[in-house]
Amino acid sequence: EAQVTQNPRYLITVTGKKLTVTCSQNMNHEYMSWYRQDPGLGLRQIYYSMNVEVTDKGDVPEGYKVSRKEKRNFPLILESPSPNQTSLYFCASSRGSVNEQYFGPGTRLTVT
Amino acid sequence: DAKTTQPNSMESNEEEPVHLPCNHSTISGTDYIHWYRQLPSQGPEYVIHGLTSNVNNRMASLAIAEDRKSSTLILHRATLRDAAVYYCILRDPGGSNYKLTFGKGTLLTVNP
């Protein structure tokens, strides 16, 4: 089954404790992306990757890092999480510019 | 990305057709019209997309106005599972970022 998986699905952590949210897709897609969703602000793109070793900033990249060492994986790294990064995070992947994007189930992160 | 305008909310009865409108008067000639939906507590899900001609798939139909300044997503027989926020998004296939710009969407309520 074609899918995007994210782990963990829920995470509560404390300010400053480094964490990684993993994202993996099994569709051999070149394009992957991270979004965050906040009430009243909708979904906003954090980072994206056009292919292995090719990443770039989205609209709200501050406080986040990404890497793309393998085509299937696109982890989101928070080196020093802060409470304003409390949000719902979605990973997405796509084959091309007009093709549908597949979204993961989401990771709900709370930073206290 | 060009802007879209959707009603904040709509209501339907189960097993009746639903027509979800979207206005995009500033659409460019190369913009594709995409529809996604987000069910409660899930990631966004692709529904359908088109450029000029009407499109059908197993989930829905997309009717595009001749001048392309508006479109309508048609759910032929609404079910309770169709209750979701529906997003109309314009995508230019050019560029290096396949970002989806989500607006507020239309919250569809389906009554049993």
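Just so you know, these numbers use all the heavy atoms, side chains as well, and skip hydrogens, waters and symmetry mates. In the text below, chain A, chain B and the rest are named by the order of the sequence lines, each starting its count at 1. Note that this is a predicted model, so its numbers are computed, not measured.
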So, taking the atom named [atom1] in [X] and the one named [atom2] in [Y], what distance separates them when rounded to the nearest 0.5 Å?
X: B:Ser41; Y: A:Arg108; atom1: OG; atom2: CZ; value: 7.5 Å
X: A:Leu43; Y: B:Ile89; atom1: CG; atom2: CD1; value: 8.5 Å
X: A:Ser94; Y: B:Arg91; atom1: OG; atom2: CZ; value: 7.5 Å
X: B:Lys99; Y: A:Tyr48; atom1: NZ; atom2: OH; value: 9.0 Å
X: A:Glu30; Y: B:Tyr98; atom1: CD; atom2: OH; value: 7.5 Å

Please determine whether residues A:Leu88 and A:Leu78 belong to a single hydrophobic cluster, defined as Ile, Leu, Val, Met, Phe, Trp and Tyr linked transitively by side-chain heavy-atom distances below 4.5 Å.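 Different hydrophobic clusters.
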*Honestly curious: do B:Val55 and B:Tyr86 fall in one hydrophobic cluster under the side-chain, below-4.5 Å linking rule?*
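The answer is yes; both residues are in one hydrophobic cluster.
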Under 3.5 Å, is there a donor-acceptor pair between the side chain of B:Tyr32 and the main chain of A:Asn99?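 The answer is no, because no donor-acceptor pair under 3.5 Å joins these two groups.
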If you draw a 6.0 Å radius around [atom1] in [X], do more than 12 non-hydrogen atoms from other residues or ligands fall strictly inside?
X: A:Lys71; atom1: NZ; value: yes
X: B:Asp67; atom1: CG; value: yes
X: A:Arg44; atom1: CZ; value: yes
X: A:Arg9; atom1: CZ; value: yes
X: B:Glu66; atom1: CD; value: no
X: A:Leu41; atom1: CG; value: yes

So what's closer than 4.5 Å to chain B heavy atoms on A:Tyr102: side chain, backbone, both or neither?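 No part of it gets close to chain B.
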Check your understanding: Contact part of A:Asp56 toward chain B, heavy-atom cut-off under 4.5 Å: side chain, backbone, both or neither?
Key ->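 Neither part.
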Would a 4.5 Å heavy-atom cut-off, applied to side chains only, mark [X] and [Y] as touching?
X: B:Val47; Y: A:Glu100; result: no
X: B:Pro44; Y: A:Phe90; result: yes
X: A:Gln37; Y: B:Phe102; result: no

*Please name the pair of heavy atoms, one in A:Gln101 and one in B:Tyr36, separated by the smallest distance, quoted to 0.1 Å.*
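So the minimum-distance heavy-atom pair works out to N-OH, 2.7 Å.
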